[in-house]
Amino acid sequence: MAEVKKEEEKSLNFLEEIVEQDLQSGKYESIRTRFPPEPNGYLHIGHSKSICLNFGLALKYGGKTNLRFDDTNPTTEETEYVDSIKDDIRWLGFEWANELYASDYFENLYEFAVKLIKKGLAYVDDSNSEEIAKQKGTPTEAGIRNKFAERTVEENLQLFSEMREGKFKDGEKVLRAKIDMTSPNMHMRDPIIYRIKHAHHHRTGDKWCIYPMYDFAHGQSDSIENITHSICTLEFIPHRPLYDWFINELEIFPSRQYEFARLNLNYTVMSKRKLLQLVNEKFVTSWDDPRMPTISGYRRRGYTPESIKNFADKIGVQKRENLIDLSLLEFCIREHLNKIAMRKMVVFDPLKVVITNYTDDHELVKSEDNPEDDNTSHREIPFSAELYIEKEDFMENPPKKFFRLAPGQKVRLKSAYIIQCNEVVKDEAGNITEVRCTYIPESKSGADTSGLKVQGTLQWVSIKHAITAEICLYDRLFRVEDPSNEEGDFKNYINPDSLQVIKSAFCEPSLKNAKFDQRYQFMRKGYFCLDKTSSEEKIVFNRTVTLKDTWAKEQKKV
RNA sequence: UGCCCGAUAGUAUAAUGGUAGUACGACAGAUUUUGGUUCUGUUUGUCGAGGUUCGAAUCCUCGUCGGGCAACCA
C-alpha cells in the first residue's frame with residue numbers, strides 16, 4: 001500500500017504524460033520510440049539523457065525502441081562511430097528492438113521524392129547555394145521563388161532521375177520542396193530535400209550520388225518504422241511544421257515529434273563539433289580520454305552505468321534551457337561507488353614513519369573491504385616498523401582542529417594501532433625526512449583495551465610490502481562554468497591542471513590483484529579504477545571522483 | 001524588425017484553480033577506526049504590472065528577460 005502511494009506521488013514528466021494520454025485515449029495500443037544518432041562522433045553524457053528517455057519510455061510503457069543511425073551525410077560519417085555508439089548504448093544497459101539506418105530507406109525516400117514531384121510539390125533547382133540563400137530572404141523579409149520552380153512535372157521527373165544517375169556534378173542541382181517562400185518559418189521556404197554528393201557512403205558505398213537532407217529523411221524514417229513518439233531536442237521545434245507537412249503530403253504513418261531541452265553540464269562543453277576539436281587538436285588524448293564528457297570517457301574514468309542512469313533520472317525532462325551542476329553528477333557516482341567500492345590504502349606523497357618500539361618483523365592486520373556492506377569480506381594487510389603515511393597528514397606546527405599526526409599528538413593507523421609522534425628528523429636543508437613514533441600495543445584494532453580516544457585515523461602502507469602504481473588525477477576540463485558562452489574560443493578556457501599524474505604511488509599489496517571491472521576507494525582519497533592501459537608491469541589507476549572533503553573546505557575559509 | 005520556444009530557491013525539478021514541495025549545493029550539529037558514509041536541523045523561490053476568481057505559480061492581457069530560426073549539417 002505504502003509502495004503504491006509512493007508510486008503515485010512520483011510525478012510524470014511531460015513526455016510521460018503525453019504517452020499516458022495517448023495510451024488511455026486508445027490513440028495507440030503500444031508505443032514505439034527511436035534513438036537516432038548520427039555516426040559522426042562519439043556519444044556524450046547529453047546523449048545519455050536522450051537514450052534514457054527514449055529507451056526508458058518504451059520500457060516503462062511496454063513499447064519498443066529502435067536504434068536508427070541518421071546516416072544521410074556520407075562525408076562526415078564513419079563505421080568507427082557506429083561501433084562506438086552501439087558499444088556505449090549496450091554498456092548503459094539498453095537493448096534496441098532493431099538496428100536500422102536511414103540509409104536502409106534511400107530507395108523509399110527516392111520514391112517519396114518522386115511522389116512529391118508528381119504532386120507538383122517538388123522541383124529541381126539549378127541555382128547555386130549563394131543564390132538559394134539570397135532568394136530565401138531573411139526572417140523579416142519574405143523570400144522570392146525563382147524561375148526553376150515553374151518547371152513541369154515531366155521535366156522535374158527527368159532531371160531528378162538524371163541527378164540519381166550521376167549526370168551532374170556536386171552542387172549543380174538540388175531538389176526542393178515547393179511550399180511557401182513567404183512563410184515566417186524559414187524552414188518552410190522551399191527547403192532543399194536532395195543534394196548531389198559524389199561521396200562514398202559507409203554502408204551504401206557508391207550506389208548513390210544523391211542524398212536526402214535531414215528534413216526529408218528523419219520524419220519519413222520515423223514513419224516507415226511506425227514510431228509513435230519521435231523525441232528530439234529543442235532546436236528542431238521550427239522543423240516540426242515541415243516534419244508534419246511531409247508526412248501529410250506523402251500520406252504515410254503520422255509519427256509525431258516532441259521536443260525537450262538538451263542537457264548542459266557546467267565546466268564542460270557538449271557538442272560533438274567541439275569535442276572533435278579537443279581530440280583533433282590534442283587537448284585530450286582521445287574520445288575516451290577520462291576528462292571527456294563522452295560516455296566512453298566516463299566509462300574509462302570509472303563511472304558506472306547505474307550512476308549515469310540515475311543522474312538522467314534526477315535531472316528530469318523539460319523544455320527550458322538548463323545548466324546542470326557537475327556536483328549532481330558527482331553525487332550520483334559517489335552514491336553508487338560508496339556502496340560497491342573495495343576499500344584500499346594508498347599513499348600518494350610519502351612520509352616515512354618509524355615505529356621505534358615495534359620489534360616484530362611484521363604482522364598481518366585485518367581490514368574490512370567495505371564497511372557499507374553488512375556481510376563485508378576482509379583482507380589482511382602487512383604492518384611493520386617502517387611505514388609511509390601521506391605527507392600532508394603530518395604537520396610540525398599544526399593549527400587547531402588538525403586531527404592528524406604532529407609532535408606529541410596521537411592518531412590511529414587504520415585497522416592497526418594508535419601511534420604517537422616523538423621526534424622529527426630533518427635533513428641539512430631543514431626538510432622533514434622521517435618522523436619517529438611509538439605505538440601503543442594495547443590499541444590494536446578490534447582488540448583495543450587502551451581506552452584511548454583519538455580524533456584522526458590515517459591510511460598507511462608498510463614500506464617493504466608496498467607495491468607501486470601510477471595514478472592519474474583528473475579535474476574538470478574547463479576553468480569556467482560555461483565555456484561556450486565566454487568570449488572568444490572556448491579552448492582558451494581549458495583548465496591547464498585537468499590531469500595530474502603521480503608516477504609512483506605506494507599501495508597496499510592486495511592491489512597487485514586489482515581487476516578491471518572492480519571499483520576501489522583509496523581511503524580518504526577518492527574512488528579509483530584500473531585504466532585500460534594498465535598491465536602487470538605497470539599498474540595505472542584513474543581517479544573517478546574525489547571523496548567529499550570538508551577539511552579542505554574548512555582550510556579554504558582561512 | 002518577423003516567427004517560434006521558455007521563465008518556480010544558487011542549480012535542477014514538482015505542485016494540472018485550493019497548505020509552494022523534493023533533490024543536489026551551502027551552512028550548523030550528532031555519530032564515526034575514512035575530516036568518507038549515515039542522521040538531524042537551517043537557509044534561500046513563483047520575472048514584472050494589470051485582470052478573471054471566494055481563492056492564481058497555474059487562466060487572460062500587456063510588458064521584461066533568456067534561447068532558437070536565414071547550412072547543398074544533423
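Convention: sequence-line order gives letters A, B, ...; per-chain numbering from 1.
The residues A/D190 and A/R145 are annotated as salt-bridged, a charged nitrogen and a carboxylate oxygen being separated by less than 4.0 angstrom.
No hydrogens or angles were tested; on distance alone, a donor-acceptor pair under 3.5 Å links the side chain of A/E372 to the base of B/rG36. Under 3.5 Å, the side chain of A/R334 and the base of B/rU37 form no donor-acceptor pair of N or O atoms. At a cut-off of 3.5 angstrom, counting only N and O atoms as typed in the model, there is no donor on one side facing an acceptor on the other between the side-chain of A/R524 and the base of B/rU34. Remark: the A/Q521 side chain and the B/rU34 base include a donor-acceptor N/O pair separated by less than 3.5 Å. Looking at A/H239, its side chain comes within 3.5 Å of the base of B/rA74 through a donor and an acceptor atom. Between the side chain of A/R343 and the base of B/rU37, no donor-acceptor pair under 3.5 Å is found.
Pair assignment for B/rG2 gives B/rC69, based on Watson-Crick or G-U wobble hydrogen-bonding distances that are each under 3.5 Å. The partner of B/rU44 is absent, by the rule that a Watson-Crick or G-U pair needs both atom distances under 3.5 Å. For B/rC59, the paired nucleotide is B/rG51, the pair qualifying as Watson-Crick or G-U wobble because both relevant distances are below 3.5 Å. In this structure, B/rA23 and B/rU11 make a Watson-Crick or G-U wobble pair, each of the two defining distances being under 3.5 angstrom. Summarising the base pairing, B/rG17 is matched to no nucleotide, lacking a Watson-Crick or G-U wobble pair whose two defining distances lie under 3.5 Å. Of the nucleotides present, B/rA30 is the one that pairs with B/rU38 by Watson-Crick or G-U wobble criteria, both distances under 3.5 Å.
The side chain of A/N128 sits closest to B/rC72 out of B/rC72, B/rC5, B/rA74. Distance from the side chain of A/K314 is smallest to B/rA23 among B/rG2, B/rC73, B/rA23.
Among the protein residues, A/G143 comes within range of no part of the nucleic acid, since none of its heavy atoms lies under 4.0 Å from any strand. Within 4.0 Å (heavy atoms only), A/P371 reaches at least one base atom of the nucleic acid. A/D170 comes within 4.0 angstrom of no nucleic acid atom, judged by non-hydrogen atoms across all strands. In this structure, A/L234 reaches neither bases nor backbone, as no heavy-atom distance under 4.0 Å exists between it and the strands shown. A/F403 comes within 4.0 angstrom of a nucleotide base, judged by non-hydrogen atoms across all strands.
An aromatic stacking contact between A/Y214 and the base of B/rA74 is absent, as defined here by ring centres under 5.5 Å apart and ring planes under 30° from parallel.
The same atom, P, is picked in B/rC3 and in B/rC73; the two are 29 Å apart, to the nearest Å.
Side-chain N/O atoms of A/S103 and A/D71 include a donor and acceptor closer than 3.5 Å. Between the side chains of A/N40 and A/N73, not a single donor N or O lies within less than 3.5 Å of an accepting N or O. Using a 3.5 Å distance cut-off with no hydrogens or angles, the side chains of A/T294 and A/H44 do not pair a donor with an acceptor.
Remark: A/R262 CZ is loosely packed, at most 12 non-hydrogen atoms of other residues, nucleotides or ligands lying under 6.0 Å away.
Between A/F246 and A/F112, a ring centre-to-centre spacing not shorter than 6.0 Å is recorded.
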